[in-house]
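A quick write-up on the structure given underneath.
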Amino acid sequence: MRNKYTIFLCLILFVALVVIEKENNIISKVSDKLSLKQPPLQAGSLDWISVRRNGSNVLLSDPLYRYTNRRLENFTELFEGGLLSASASNGRKHILLLATTRTGSSFVGEFFNQQGANMFYLFEPLWHVERMLTLEGGRTNATVSASAYRDVLQQLFLCDFSLLESFIEPVPQEHVTTSLFRRESSQSLCEDPVCTPFVKKVFERFHCRNRRCGPLNFTLASQSCLQKQHRAIKSVRVRQLETLRPLVEDPRLDMKFIQLVRDPRAVLASRMVAFSKNYKNWKRWATDGEIPDDDDEVRKLKGNCDNIRMSAETGLKRPAWLHGRYMLVRYEDIARFPMRKAAEMYQFTGIPFTSKVKDWILKNTHASSEVSGVYSTQKNSSQQIEKWRVTMPFKLAQVVQKVCGPAMTLFGYKFVENEEILSDLSVSLIEDMNFL
Ligand SMILES: *[C@@H]1O[C@H](CO)[C@@H](O)[C@H](O)[C@H]1NC(C)=O
Ligand SMILES: *[C@@H]1O[C@H](CO)[C@@H](O)[C@H](O)[C@H]1NC(C)=O
Ligand SMILES: *[C@@H]1O[C@H](CO)[C@@H](O)[C@H](O)[C@H]1NC(C)=O
Ligand SMILES: *[C@@H]1O[C@H](CO)[C@@H](O)[C@H](O)[C@H]1NC(C)=O
Ligand SMILES: *[C@@H]1O[C@H](CO)[C@@H](O)[C@H](O)[C@H]1NC(C)=O
């Protein structure tokens, strides 16, 4: 009798919950999440590059997409033929902050997000592209991703969201979405007029934090973008700077690349904490056992380091196409001298270094024991940067030094020979470098 009663109560509770959740659109959200878990695309055939647009599957190489490429070629031709000059951008600057995860790029991105009314800033728009192009087993085809990243970035710098929209799941309806990744990290997407009146029944996962807004209307975002003097995008997803050459050659854009790097040993240490699920092998190696030379994880680390190094080598060689457009910055220098480095970055981009940015830097590089989420940008930078040295097992540092050696040498990160030097914070591992 009692059991029956309990079951009955549970049933009522369940029904009530379903009703409430339906109201809030949460259930549909959850099922979106579940269906996303399965790799949307199959490897092995050409049509795995298919991208959902307008609710149906189309090939990336479909006419719209090819149009983007052709248009690009046309502009490249005009540019090379000298018919258009680079001044077609009207003094407008297009800044791309290139980094990898756990290099402090959210923090450095804020330097531009905080600039003020003249800046249109986007935080990791390529998240959607990567997600859509991820194959079974979590891999992506580098060639395909590179062209998709390039074309989406090019459109975004021109305030055109249409290609990005085709990568967003679920597909935006009438250019309106509730699913833009980390919308709240772009001030430009949370201010008037992009912030439309709040809609009670609509659930938006990455909603604006500073105020309540309706779902994101890309038409409004695009209009706002067109009105801003400058545009900046941060991305941890581009692997090779070289692949972005067509952006430089687009006369409508005045590109400025800032590549942010960090000691790969510190990056690994930080990733093992932040993405702990994906770093189980590293954690096991840290506590016991040999680290296999030919492990997939080690190869992945090497691949990452090689990409970063090759991009930097491309930039530092100063080829004609990158003249005045490339700057390399180490996270450690920013953490130690945030104001000086920010000023240098602004000088490089040719944009006024506003007092709003200065105030933000002052506020966020000092005092703040209370905020310390893993994605937090607010921390005592100079104190944080060397913490990894006392916790990272020497064994792991050794592996990184082995596979990322050339990158470390290029960026001026000193090798350590033993555990004592690794954890002795009076020994600096950062060589003074001048990449200018
Ligand atoms: C998407 O669908 C709308 C109407 O349903 C149509 O007008 C538009 O041309 C379509 N866009 C693409 C890219 O197919
Ligand atoms: C590119 O140029 C060709 C010839 O100049 C022209 O026919 C074509 O429409 C252009 N394509 C685009 C996408 O502008
Ligand atoms: C990536 O995709 C391209 C274009 O479809 C294909 O030619 C190439 O073989 C793929 N590369 C890998 C490693 O699968
Ligand atoms: C998005 O904004 C544009 C521009 O104001 C407007 O015309 C359009 O109706 C809006 N879309 C929706 C679905 O509200
Ligand atoms: C931040 O770290 C620096 C260097 O360790 C230290 O001098 C400073 O007092 C710290 N500031 C705060 C507010 O903790």
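For clarity, every value in this text was computed on a predicted model and none was experimentally measured. Indexing begins at 1, ligand by ligand and atom by atom, following the structure's order.
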Query raised in the report: Quick one: does Asn141 get an N or O within less than 3.5 Å of an N or O on ligand 3?
Result: yes
**Report entry** atom 11 (N) of ligand 4 protein-contacted, heavy-atom criterion under 4.0 angstrom
**Finding:** yes
Query raised in the report: Protein heavy-atom contact under 4.0 Å for atom 7 (O) of ligand 4?
Result: no
Report summary line: Correct closest heavy-atom pair for Cys195 and Asp192 would be O-OD1, 3.7 Å
Query raised in the report: Quick one: which ligand 3 atoms are inside 4.0 Å of a heavy atom on Val144?
Result: 2 (O)
Requested in this report: Carefully, step by step, assess Gln229 and Ile351 under the rule side-chain contact (heavy atoms from CB on, under 4.5 Å).
Outcome: CA-CA 10 Å; Gln229 179 64 21; Ile351 295 174; over 6 Å; no
Query raised in the report: Thr219 to ligand 4: N or O pair under 3.5 Å?
Result: no
**Report entry** Sole residue of Arg209, Arg211, Arg212, Arg205 in salt bridge (Lys or Arg N to Asp or Glu O under 4.0 Å) with Glu184
**Finding:** Arg209
Query raised in the report: Going through the checks in order, is the disulfide (SG to SG under 2.5 Å) test met by Cys213 and Cys190?
Result: CA-CA 7 Å; Cys213 303; Cys190 292; 5.2 Å; no
**Report entry** Ring centres under 6.0 angstrom apart (Phe167, Trp127)
**Finding:** no
Report task. Show your reasoning for whether side-chain contact (heavy atoms from CB on, under 4.5 Å) applies to Lys256 and Tyr326. Result -> CA-CA 6 Å; Lys256 300 280 182 183; Tyr326 176 82; over 6 Å; no
Query raised in the report: Taking only heavy atoms of Asn217, which atoms of ligand 4 are found under 4.0 Å from at least one of them?
Result: 1 (C), 2 (O), 3 (C), 8 (C), 10 (C), 11 (N), 12 (C), 14 (O)
**Report entry** Heavy atom of the protein closest to atom 5 (O) of ligand 4 (residue, atom name, distance)
**Finding:** Leu220 CD2, 3.4 Å
Requested in this report: Identify, for atom 13 (C) of ligand 4, the protein heavy atom at the shortest distance, and state residue, atom and that distance.
Outcome: Val176 CG2, 3.4 Å
